[in-house]
Amino acid sequence: MDVHEYQAAELLAKHGVPVNPGRVASTPDEAAAAASELGGTVAIKAQVHSGGRGKAGGIKLAHNPEEAKAAAEAILGMDIRGHTVNKVLVAKGADIVREFYLGVVLDRPNRKVLIMASAEGGVDIEEVARTTPEKIVRINADPALGFHSYQAKELGFALGLRADKVHGFAKIAEHLYTAFIKEDATLVEVNPLILTGAGEWLALDSKMSFDDNALYRHKDIEGLRDMAEENETELDARSSGISFVKLDGDIGCIVNGAGLAMATMDAVKLSGGEPANFLDVGGGASASQVAKAFSLVTSDPNVRAILINIFGGITRGDVVADGIREALSQVDVKVPIVVRLSGTNAEEGKKILAEAGLMAVDTMDEAAEQVVSAASGQAA
Amino acid sequence: MDVHEYQAAELLAKHGVPVNPGRVASTPDEAAAAASELGGTVAIKAQVHSGGRGKAGGIKLAHNPEEAKAAAEAILGMDIRGHTVNKVLVAKGADIVREFYLGVVLDRPNRKVLIMASAEGGVDIEEVARTTPEKIVRINADPALGFHSYQAKELGFALGLRADKVHGFAKIAEHLYTAFIKEDATLVEVNPLILTGAGEWLALDSKMSFDDNALYRHKDIEGLRDMAEENETELDARSSGISFVKLDGDIGCIVNGAGLAMATMDAVKLSGGEPANFLDVGGGASASQVAKAFSLVTSDPNVRAILINIFGGITRGDVVADGIREALSQVDVKVPIVVRLSGTNAEEGKKILAEAGLMAVDTMDEAAEQVVSAASGQAA
Amino acid sequence: MSILVGNDTRLLVQGITGREGSFHATQMVEYGTNVVAGVTPGKKGETVAGVPVFDTVEEAVRKTNPNTSIIYVPARFAPDAIYEAVDNGIELVICITEGVPVNDMVPVYHLVKQKGARLIGPNCPGLITPGEAKVGIMPGFIHEPGKVGLVSRSGTLTYEVVDALTKAGLGQSTAVGIGGDPVIGTSFVDVLELFQNDPDTEAIVMIGVIGGDDEETAATFIKEHVTKPMAGFIAGRTAPPGKRMGHAGAIISGGSGSAEEKIAALEAAGVRVADSPSKVPGLLRQAMNA
Amino acid sequence: MSILVGNDTRLLVQGITGREGSFHATQMVEYGTNVVAGVTPGKKGETVAGVPVFDTVEEAVRKTNPNTSIIYVPARFAPDAIYEAVDNGIELVICITEGVPVNDMVPVYHLVKQKGARLIGPNCPGLITPGEAKVGIMPGFIHEPGKVGLVSRSGTLTYEVVDALTKAGLGQSTAVGIGGDPVIGTSFVDVLELFQNDPDTEAIVMIGVIGGDDEETAATFIKEHVTKPMAGFIAGRTAPPGKRMGHAGAIISGGSGSAEEKIAALEAAGVRVADSPSKVPGLLRQAMNA
């Protein structure tokens with residue numbers, strides 16, 4: 001789960017990170033008021049769950065409340081990579097002397113938490129990682145004992161910081177690590193972390209993402225969810241235990257298992273079609289689950305045919321077939337349906353489907369070809 | 001550092017342990033008021049840093065405020081193993097069905113934290129440990145990862161608890177462990193932990209001790225120190241970096257190093273004397289430190305002679321001798337002094353002492369014999 | 001022979017009285033797996049499919065001496081269950097549970113290594129040595145004993161490939177589902193090494209999905225250490241970047257972890273990568289005859 | 001030969017620019033110890049007694065290859081300093097610092113073991129192999145090279161006994177102060193085992209204090225494994241129960257840890273226990289001639 005910059009900054013401030021003061025505004029007038037309250041130059045920053053805000057014109061400087069109002073007017077409502085800007089952060093202008101990058105992520109290959117820093121802050125860190133990886137310093141926290149103070153200092157010295165700046169930097173690195181662990185984050189990032197003219201450290205832009213699987217123990221973070229940023233259909237699916245991702249094609253897919261669902265999409269593509277979605281009904285595949293899947297898929301007007309691909313494992317083929325039959329009696333599906341049923345009790349399942357007027361095929365490749373044909377208007 | 005039962009209970013309650021409600025009272029009237037507020041039968045419990053309160057008559061039941069007042073009158077001012085009772089805890093009477101012991105301590109041989117439980121609660125656990133050790137269940141927390149939930153349950157099942165009671169018990173065990181770690185305790189103990197007639201768990205008597213070395217990060221706990229329970233001289237010594245323990249003999253001892261200080265006491269005893277104190281001046285042994293040591297030792301009217309035993313290591317003998325000379329010019333010492341000086345620059349030190357009119361001997365045994373003679377009125 | 005599980009397996013089922021646990025315990029017993037004990041705190045004395053249930057792993061170990069454990073407890077209790085298993089000396093732990101928080105798994109992973117034990121999963125279907133022991137949730141009947149070792153990050157996709165192999169007459173030595181989470185106990189490389197050293201495995205199938213770089217790491221290992229013929233499949237060629245595709249691990253970010261990169265790496269290491277699961281058996285035969 | 005430190009020691013001093021650190025680094029250099037580097041964050045480029053100072057242990061290790069580290073940092077930073085040393089591959093770490101919270105030392109102790117390193121202390125005077133390397137705060141001049149191994153939980157008391165040994169013509173192979181805290185890295189048993197296996201150590205002196213049961217554990221070990229002649233001393237026979245005598249470890253509680261019990265255990269194991277430090281050399285000679 002992602003949160004906005006201002007929310008991340010508030011969370012990090014709780015963990016002791018010095019963040020730049022700011023106010024959130026939903027209207028140009030609020031932005032002007034915030035600018036006047038903060039005084040001096042402010043930055044008006046689009047709050048969207050997307051990178052590339054700067055390039056898209058989503059960050060503007062304003063030297064007075066009037067300019068702040070104008071900037072907010074320009075930014076609010078803007079579309080940034082498919083995300084509509086509903087809020088801006090009005091942040092106090094900072095006296096930037098040097099910009100750093102500081103982030104905490106999971107290091108998958110090492111199965112450890114990684115703390116990364118770079119003296120090349122304020123720019124796209126993935127670009128730095130690609131082009132000049134030696135400019136990023138990486139230290140793994142101890143998996144049982146955590147991120148030691150000496151490691152945080154090591155990070156600071158490795159960046160070439162002067163000794164009198166290492167202590168403050170190391171403290172911030174330790175706070176970011178603590179925030180990562182305590183809040184069950186999957187990413188904590190400050191970019192840029194700046195040194196001001198007064199020699200102070202300041203987190204100018206904060207980013208946090210959270211592990212959905214751990215939200216049960218972080219009700220406060222769950223409460224930060226911005227529904228405007230979420231795909232309603234995907235949320236709806238999740239509440240039924242279904243993984244759903246909307247895509248641009250016209251072949252609706254209903255599959256059990258994430259890997260098989262991806263393989264099914266690949267098969268559709270290989271047969272010349274374009275999948276309309278990724279959909280994993282999960283293990284159960286009960287009638288209500290299948291009905292829900294149908295309604296998710298058919299809610300997309302682009303869908304011209306549906307492919308159901310079930311490999312009966314623990315889920316028995318006859319149960320799934322029953323589910324499909326019942327679901328079809330509840331949901332009015334107007335496009336052709338191709339069913340592929342294999343594995344446990346597949347034969348019994350096919351019999352049930354035949355009685356319901358649906359033909360089932362044996363292989364995924366065959367099913368993909370048929371559904372692509374069906375979508376292009378030919379006989380299923 | 002020790003705290004009172006009521007303070008331990010308050011701390012444990014913060015960590016989620018269900019503790020018996022109670023009020024602290026310093027006068028019989030306050031006790032009566034507390035009893036009337038709590039209602040029903042109450043226990044009046046002496047709050048002193050000492051075990052054996054029950055046997056000493058420091059715990060009494062009272063069925064109404066009048067009885068509570070009388071009980072408090074009897075207990076307040078009582079002497080329990082050398083501790084004067086200044087406060088009582090008025091605790092709500094509990095419906096005890098079963099009594100357990102639950103404690104967290106350091107397991108020195110294994111260098112791990114140990115969680116101990118016994119179905120023989122409410123009695124002296126050290127007695128249980130001596131006579132029927134098999135009745136105590138012991139589990140070590142993982143030194144890096146902590147006390148796992150499964151271990152807390154294991155503890156409950158090992159006590160023979162019914163399954164429906166294990167969960168609540170395990171939670172309390174986990175809370176005690178967390179309190180031990182978070183508060184830097186050296187001991188956390190609930191005895192008895194009871195099951196009430198309503199089937200609820202309740203900590204009826206709580207005990208906590210803390211690591212003096214960790215108090216710097218627990219100002220709140222430092223604030224719980226009961227000055228009435230502390231030996232003023234020992235506290236005064238500690239503030240100067242001197243370890244001091246008052247004893248019953250008449251030979252004052254000033255030594256550098258804890259081990260050597262104990263060995264010096266032993267030598268005094270071996271020579272037929274009785275040490276008046278344990279005193280370790282620590283590493284520095286500067287003039288002010290030695291002066292402080294003199295004033296600590298001479299504040300004890302029983303002291304009839306003083307033995308200074310210094311093994312010059314890093315501390316140079318001449319510096320110590322200077323310190324003694326200066327200290328003697330600041331503090332008026334009326335009893336004979338025997339100095340033993342050895343190690344680094346011992347000869348130079350002896351010369352300085354000779355100039356100050358003090359004779360120094362070479363060995364500890366010799367010094368012990370001389371000081372015992374001096375104390376018994378013979379020539380030093 | 002085979003790897004990890006077989007006739008020597010003495011299985012403990014943690015969470016055996018739950019809905020999932022009891023269903024699969026029964027299935028495993030029916031398959032012929034030697035299930036020696038189950039654990040659910042508070043259910044001591046009960047039995048599931050004839051298997052005795054204990055309150056703690058400690059007691060189950062003391063009384064029935066299992067060497068392998070499979071975990072079906074809810075996500076928030078799964079890390080504790082893994083600790084309980086390895087602290088009590090279980091050498092092989094299979095965690096089926098999905099939805100375990102990633103940060104919880106980091107210390108678990110390293111403790112398991114430190115204890116010299118092996119963890120498979122979490123969020124995996126388990127593993128099976130056909131005809132000997134099924135330790136997981138896969139449908140047993142699609143498998144046949146044979147000489148093909150299979151390792152996969154995906155569940156149902158594995159069944160799809162196993163089914164194709166069996167229908168093509170290619171039985172399996174052992175099929176291992178390692179799970180799709182970002183932090184898993186056993187990686188492709190670990191299993192590939194076991195297959196390479198297993199005299200009864202003659203060829204290997206590897207099934208990957210997008211996200212992470214485990215397939216790339218495996219490709220490097222294959223190039224240097226695997227001499228047995230291999231075929232593979234990577235799911236997710238059509239997945240858009242940045243979106244989570246069911247598996248917590250299946251996110252493509254920053255241009256790394258894409259199917260194209262994985263396929264290229266595996267092909268460069270000599271693995272024949274199919275564009276459809278159904279083509280895996282044919283490519284494997286080609287590799288075996290090459 | 002000797003144990004733990006000697007001519008092969010390449011010493012790093014953590015906290016070298018502090019008051020204690022710089023004083024003792026100078027003393028150690030003067031004694032002839034091969035001090036190769038010091039660390040104090042922010043003091044890189046300075047030197048202390050001719051020893052180069054670095055910001056981090058990582059850099060000091062990379063540039064000067066020490067195998068041993070001695071720690072003089074304040075108590076609240078000492079655990080971190082130990083982690084820094086062992087994480088950077090230092091095999092032997094001596095922590096002089098006193099006042100380290102006990103609960104901090106519990107994970108430290110186990111991490112050091114896990115890394116295969118050895119910690120001595122905290123709250124110890126260090127150790128010395130006379131004529132080769134002094135790694136600690138003891139006065140070097142009271143020692144003489146020889147054949148007596150000495151291990152002690154106390155500081156100045158050790159000097160007392162060493163002085164007596166030297167004056168009696170009994171030089172030392174190595175004298176080790178293990179420290180008096182409840183959780184220390186190296187116990188009596190660890191050192192006794194090293195002395196027993198050290199061909200250059202012919203007799204052993206052990207100095208204990210009241211509190212804990214390390215002396216009793218040592219006695220059990222001595223009975224079973226130590227064949228070399230031994231003498232010892234236990235301080236605190238006159239200490240009252242329940243009171244802390246300077247050392248955090250020196251509290252007698254619940255009737256265990258008393259001097260009488262320790263002396264009885266050691267004597268039962270064949271150790272000649274003196275009633276005064278001055279009598280240790282005589283008893284040791286008796287044991288050596290027995």
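- Side-chain contact between C/T217 and A/P109 is absent, with no heavy atoms from C-beta onward closer than 4.5 Å.
- Top candidate by heavy-atom pairs under 4.5 Å with chain C, chosen from A/M364, A/K269, A/E274, A/R217, is A/R217.
- Between atom CD of residue C/E160 and atom CG of residue A/N309 there is a gap of 6.0 Å, rounded to the nearest 0.5 Å.
- The distance from the CG atom of A/D211 to the CE atom of C/M105 is 12.0 Å, given to the nearest 0.5 Å.
- Using a 4.5 Å cut-off between heavy atoms, A/D365 touches chain C through its side chain atoms alone.
- Side-chain contact check for A/L260 versus C/Y159: every heavy-atom pair is 4.5 Å or farther apart.
- For A/Y216, the part lying under 4.5 angstrom from a heavy atom of chain C is the side chain only.
- Scanning all heavy atoms of the two residues, the minimum distance from C/L157 to A/G259 falls at CD2-O, 3.7 Å.
- Contact of A/S342 with chain C is made through the side chain alone, with heavy-atom distances under 4.5 Å.
- Only the side chain of A/R340 comes within contact range of chain C, judged by heavy atoms closer than 4.5 Å.
- Contacts between A/A263 and chain C at a heavy-atom distance below 4.5 Å involve backbone atoms as well as side-chain atoms.
- With a 4.5 Å cut-off on non-hydrogen atoms, C/I142 touches chain A through its side chain but not through its backbone.
- Atom NZ of A/K350 is surrounded by more than 12 heavy atoms from other residues, nucleotides or ligands within 6.0 Å.
- Side-chain contact between C/T238 and A/F278: absent, with no pair of heavy atoms (C-beta onward) separated by less than 4.5 Å.
- Neither the backbone nor the side chain of C/K113 comes within less than 4.5 Å of any heavy atom in chain A.
- In this structure, the side chains of C/V183 and A/L106 come closer than 4.5 Å at one or more pairs of heavy atoms.
- Pairing each heavy atom of A/R111 with each of C/S187, the nearest pair is NH2-CB, 3.8 Å.
- Here C/R76 is the residue among C/M138, C/R76, C/Q27 with the most heavy-atom pairs under 4.5 Å with chain A.
- Looking only at side-chain heavy atoms (C-beta outward), C/R237 and A/M265 stay at 4.5 Å or farther from each other.
- For A/D248, no part lies under 4.5 angstrom from a heavy atom of chain C.
- Contact annotation for A/A185: only backbone heavy atoms (N, CA, C, O) come within less than 4.5 Å of a heavy atom of chain C.
- Looking at every heavy atom in both residues, A/M262 comes nearest to C/A235 through CB-CB, 3.9 Å.
- Between A/N213 and C/G99 the shortest heavy-atom distance is CB-O, 3.2 Å.
- No side-chain N or O of A/N256 forms a donor-acceptor pair with one of C/T156 less than 3.5 Å apart.
- C/G236 and A/D266 make their closest contact through N-OD2, 2.7 Å (heavy atoms, listed as atom of the first residue, atom of the second, distance).
- The two residues C/F141 and A/G343 have their closest heavy-atom pair at CZ-C, 3.4 Å.
- Other residues, nucleotides and ligands contribute only 12 or fewer heavy atoms inside 6.0 Å of the NZ atom of A/K135.
- Of the listed residues (C/T158, C/V108, C/I184), the one with the most heavy-atom contacts under 4.5 Å to chain A is C/I184.
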